[in-house]
Structures are given as C-alpha cells and as structure tokens.
Amino acid sequence: MSEVRLTGGCQCGAVRYALHEQPTNPHICHCRMCQKAFGSFFAPLTGVPLDKFELTRGELAIFRSSDPTERGFCRNCGTPLTFHDVGRPRIAVSIGSLDRPADIMPRLQFGNESRVPWFAELTALPGDTTSEQDDPDLTAKIAATNHQHPDHDTEAWPPAEGFAP
Ligand SMILES: [Zn+2]
Ligand SMILES: [Zn+2]
C-alpha cells in the first residue's frame, strides 16, 4: 500500500491502524448517537477513502448503530475507532485515537440539535494539569503502571519487558 501518512489505535493496543492518505473533513458530531458511542459530548471524526484505511493489528468489533452505520471499536478496551456508512467508499476514524490528535483540528460541527448548551463554556472551566492533581502518590502509581499503548506503532504488544511506556 502507499506511504503511511498517519497511525492510531485503541487504548490497550489490541487494534492499530494506518491511514495512507491525509484525512479530510475533520469535524465534531454532537448527535445523540455519537454522544452515546463515545461516552462524551461529541465525536471527533476525520475520514479517508476505504482503500486508504488499513488495520495493522487486530480486528474491529462492530456495533451497527443504525442499518446504514457501522461503528468500529476495540473489543478489549472499548475505544471508539471508526465510523462507516455501509456501501459508502469512505471511513472515518476518531481523531482522539490518532497518535497525534492535535494535528487534526476539526473544521465543522454537525448534529447541533443535540449540542450540550454549555459547550462553549468548557474551555473557561477552572482546572489543573494531571501533574498538578492533589494526590501525587496516585499520579505516580498511574504513571508507573501505565497499560496504555504508546502513541506510535510497536513490534509486539504487550511488550515482553512489561508495560512501562
Ligand atoms: Zn483496545
Ligand atoms: Zn453523530
């Protein structure tokens, strides 16, 4: 296949994928189905032609949220990964599952009828970084026992030497 442009995968590392073309139409969808599927206020998605999407490890589990729509996720850890309208020649991936999500800024929003009314106020919330949380012991324990796959492809997972990133 052509050059790998972008890579991504689920939290546990059982499913990894590559996009062989720069994805287009980056957007967030506020519709109620996307809220449920992502367990969040919106779904961030960007798409490529089907033949530019390659699963490089594992398999997608599929939930058909409506007859036309397949939502792919990791059966092991539950990370939402793909959105595909059956019969259409494109597939979208969740921007948060990409290894470099900050590179893909959404340019549109859909499903605005279900957008939470305080969406625009979220960035003004008070808060700290993870390292500024008030339980440094817990923060250190999480860091030392991190089971999350790193943000790059790996030869094997989980690694033979253990989970430390
Ligand atoms: Zn997983
Ligand atoms: Zn939606």
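In each ligand, atom 1 is the first atom listed, and ligand 1 is the first ligand listed. Just so you know, these numbers come straight off a predicted model, no measurement behind them.
- Note: angle at the Zn ion (ligand 1), from SG of Cys74 to SG of Cys10, is 110° (rounded to 10 degrees).
- Ring pair Phe119/His30: centre-to-centre distance below 6.0 Å.
- Angle SG(Cys29) to the Zn ion (ligand 2) to SG(Cys31): 110° [nearest 10 degrees].
- The distance from the Zn ion (ligand 1) to the nearest N/O/S atom of Cys77 is under 2.8 Å.
- For the 3.5 Å distance criterion, the side chains of Arg57 and Thr154 qualify, holding a donor opposite an acceptor.
- Each of Asn25, Thr24, Leu6, Ile91 was checked for a side chain to side chain contact (heavy atoms under 4.5 Å, CB included) with Val48, and the lone residue meeting it is Ile91.
- Of the N and O atoms on the side chains of Thr82 and Tyr17, not one donor lies less than 3.5 Å from an acceptor on the other residue.
- With 2.8 Å as the limit, His30 does not count as an N, O or S neighbour of the Zn ion (ligand 2).
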